[in-house]
Amino acid sequence: MEGSGEQPSPQPQHPGDHRIRDGDFVVLKREDVFKAVQVQRRKKVTFEKQWFYLDNVIGHSYGTTFEVTSGGSLQPKKKREEPTAETKEAGTDNRNIVDDGKSQKLTQDDIKALKDKGIKGEEIVQQLIENSTTFRDKTEFAQDKYIKKKKKKYEAIITVVKPSTRILSIMYYAREPGKINHMRYDTLAQMLTLGNIRAGNKMIVMETCAGLVLGAMMERMGGFGSIIQLYPGGGPVRAATACFGFPKSFLNGLYEFPLNKVDSLLHGTFSAEMLSSEPKDSALVEGSNGTLEEKQASEQENEDSMAEAPESNHPEDQETMETISQDPEHKGSKERGSKKDYIQEKQRRQEEQRKRHLEAAALLSERNADGLIVASRFHPTPLLLSLLDFVAPSRPFVVYCQYKEPLLECYTKLRERGGVINLRLSETWLRNYQVLPDRSHPKLLMSGGGGYLLSGFTVAMDNLKADTRLKSNASTLESQETEEPAAKKRKCPESDS
């Protein structure tokens, strides 16, 4: 495939990739709550009202469960044998149990004292069970529910899992659905299937879902092929894409192109000079984090040097005082050097981004993309009508929108325009089930909606228009030849009579 054949093949996975390393992106899991973080030594992480350090997770396998101990340290949790059904004492029903708050002998002060002594949550739960007067009268199911509830409250158990499309989409939909336009995880799965995302494709994506859709496509393609991302504003937002922790080889086939230059590319008026002013703003946006961090670091160093200067003002430190007296001149030259380096780095980034934009423009100009994915907060009709011209015939396209009405309008416009077949507007219905022995049933709470999808396939536009014109002309000729004069129609009944 042109444009994607020159890129180097992705590196094979290292045998130790299943183990957590320093700098890896991981997802913390506790019950049904997820949080994506980067593993860094001596960095405090807060999750579900618990703070801890991730130093001890380095070297362990993904999927390992840890327990938060005193001092914020994580220790691997040892598996404990659950009591068998024979050893459990349980009642027949709960009709005689009254929830008056007096069944628990331990008070809040007692529980707090146990925590202050450093007793683990597992032991606290065991003491709560032993000091409950109604626990043994509850049914077996009620006992399991009670233990699960207390464990969630007092045991700080955290599982470290590897990021994936399913986990990150569930995390975003539960924590910050507005950032992904309320796209549910099953809807994202439908998009990947209907869009035929696979290795070796040349895909176009326009999304404002914090980079979640882009990351899902990159994971599905596995580093093979090319993706052109169209972005509004100063630069693409890829917060969720970074959480996947893709290797650098995956980024070789990723291109970006500003959305406001698509119109000029369609009309053939696009030129390299049009990008001369674009990288200045977008490079600043893209490199703003690093620049700000460099500025803050330099300011912090200046503040630290200013704070340390009075402490070294002792009679025995004459050499230090001479050095400090020469500091302003040395400092000025250092600032000039750092400023020069910053300008050179900025120019290098601008030139690199300009080159990537030109490569993306060349790929789009070929107009042979293997698919199109649109999932943005903007109205889908003008986006889709413009971007379909870059897609080759007999290729799929998928458009996501949180609401049905914009897609209905888009459906009508596509019917009028032509060049597409198999148009389908769909909504997926999802309901979670509780699967437990003797008590499997649908959960009471379910999602109200996960958005709507408009999908279809492109066809050759010119041939279709020619065929419709020929068919219309042929039909008019046939109607003129077969239609009988009105006089003959009136004479027919007279001859029969």
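Computed from a predicted structure; not experimentally measured.
Here the side chain of H379 pairs a donor or acceptor atom with the backbone of T381 at under 3.5 angstrom. The backbone N or O of L383 sits nowhere less than 3.5 Å from a side-chain atom of S386 that would complete a donor-acceptor pair. Within the 3.5 Å criterion, the main-chain N or O of A361 finds a donor-acceptor partner in the side chain of S365. Looking only at distances, a side-chain donor or acceptor of K35 sits under 3.5 Å from a matching main-chain atom of T46. One N or O on the side chain of R19 and one on the backbone of G59 form a donor-acceptor pair closer than 3.5 Å. Checking side-chain atoms of D55 against main-chain N and O of R42 turns up a donor-acceptor pair under 3.5 Å. A side-chain donor-acceptor contact under 3.5 Å links T412 to the backbone of L408.
Atom NE2 of H441 sits in a crowded spot, with more than 12 heavy atoms from other residues, nucleotides or ligands closer than 6.0 Å. Other residues, nucleotides and ligands contribute over 12 non-hydrogen atoms within 6.0 Å of the CZ atom of F141. Surrounding CG of L444 are at most 12 heavy atoms belonging to other residues, nucleotides or ligands under 6.0 Å away. Remark: L445 CG is loosely packed, at most 12 non-hydrogen atoms of other residues, nucleotides or ligands lying under 6.0 Å away. Around atom CZ of R166, no more than 12 heavy atoms belonging to other residues, nucleotides or ligands sit under 6.0 Å away.
With respect to D389 and R417, a salt bridge is recorded, a charged nitrogen being found less than 4.0 Å from a carboxylate O. A salt bridge links E345 to R348: at least one charged side-chain nitrogen sits closer than 4.0 Å to a carboxylate oxygen.
N368 approaches L363 most closely through the heavy-atom pair OD1-O, 4.3 Å. Listed here is the closest heavy atom pair of P396 and N196: CG-CB, 3.9 Å. Between F25 and Y62, the shortest heavy-atom distance links the atoms O-OH, 4.2 Å. When all heavy atoms of L254 and M218 are compared, the pair lying nearest together is CD2-SD, 4.2 Å. Pairing each heavy atom of G211 with each of A240, the nearest pair is C-CB, 3.9 Å. M203 approaches I373 most closely through the heavy-atom pair CE-CG1, 4.2 Å.
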CA sep, side-chain torsions, deciding dist, call: V57, V39, side chain to side chain contact (heavy atoms under 4.5 Å, CB included): CA-CA 8 Å; V57 306; V39 178; 4.2 Å; yes

Criterion side chain to side chain contact (heavy atoms under 4.5 Å, CB included) on F457 and L423, from CA distance to verdict: CA-CA 7 Å; F457 288 86; L423 277 180; over 6 Å; no

Test side chain to side chain contact (heavy atoms under 4.5 Å, CB included) applied to K43 and L54, step by step: CA-CA 7 Å; K43 181 184 177 183; L54 294 175; over 6 Å; no

From CA spacing to verdict: side-chain hydrogen bond (donor to acceptor under 3.5 Å, both in side chains), T65, T159: CA-CA 4 Å; T65 301; T159 305; 3.2 Å; yes

Step-by-step side chain to side chain contact (heavy atoms under 4.5 Å, CB included) determination, V160 to T64: CA-CA 6 Å; V160 182; T64 306; 5.9 Å; no

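A side-chain hydrogen bond (donor to acceptor under 3.5 Å, both in side chains) with E256 holds for exactly one of R356, Q229, R238, H357; it is R238.
Residue L372 holds its CG atom at 9.5 Å from OG1 of T458, rounded to the nearest 0.5 Å. The distance from the NZ atom of K443 to the CG atom of N432 is 5.5 Å, given to the nearest 0.5 Å. In this structure, T241 OG1 and M217 CE are separated by 11.0 Å, a value rounded to the nearest 0.5 Å. The CD atom of E351 lies 11.0 Å from the CD atom of Q353; values are rounded to the nearest 0.5 Å. In this structure, SG on C410 lies 5.5 Å from CG on L454, to the nearest 0.5 angstrom. A distance of 5.0 Å separates CZ of R424 from OG of S455, quoted to the nearest 0.5 Å.
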Please tabulate, for side-chain N and O atoms in residues 178-195, each donor-acceptor pair with protein atoms closer than 3.5 Å (sequence neighbours left out).
residue : atom : partner : partner atom : Å
K179    : NZ   : E176    : OE2          : 3.4
N181    : ND2  : T208    : OG1          : 3.4
R184    : NE   : D186    : OD1          : 2.6
R184    : NH1  : S447    : OG           : 2.9
R184    : NH2  : D186    : OD2          : 3.2
R184    : NH2  : T428    : O            : 2.9
D186    : OD2  : T428    : OG1          : 2.8
T187    : OG1  : G450    : O            : 3.0
T193    : OG1  : A189    : O            : 3.0

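N201 places none of its side-chain heavy atoms less than 4.5 Å from the side chain of I197. Put simply, the side chain of V37 reaches to within 4.5 Å of the side chain of L28, judged on heavy atoms. Looking only at side-chain heavy atoms (C-beta outward), I158 and F47 come within less than 4.5 Å of each other. You'll find the side chain of I167 reaches within 4.5 Å of the side chain of V161, heavy atoms only. Side-chain contact between I204 and L364 is present, with heavy atoms from C-beta onward closer than 4.5 Å. By the 4.5 Å heavy-atom criterion applied to side chains, M221 and I227 are counted as neighbours. Counting heavy atoms from C-beta on, the side chains of D341 and Q344 come closer than 4.5 Å. Contact of the R439 side chain with the D144 side chain is registered, since non-hydrogen atoms from C-beta on lie closer than 4.5 Å.
For R41, the salt bridge (Lys or Arg N to Asp or Glu O under 4.0 Å) test picks out D22, with sequence neighbours left out.
Screening residues 391-412 for salt bridge (charged side-chain N to carboxylate O under 4.0 Å, His left out), with sequence neighbours left out, gives D370-R395.
A side-chain N or O of S73 and one of Q75 form a donor-acceptor pair less than 3.5 Å apart.
Using a 30° and 60° split on the angle between ring planes, F246 and F244 fall in the parallel class, below 30°.
Remark: R175 is not positioned above the aromatic ring of F34, lacking an NZ or CZ atom under 6.0 angstrom from the ring centre and at most 45 degrees off the axis.
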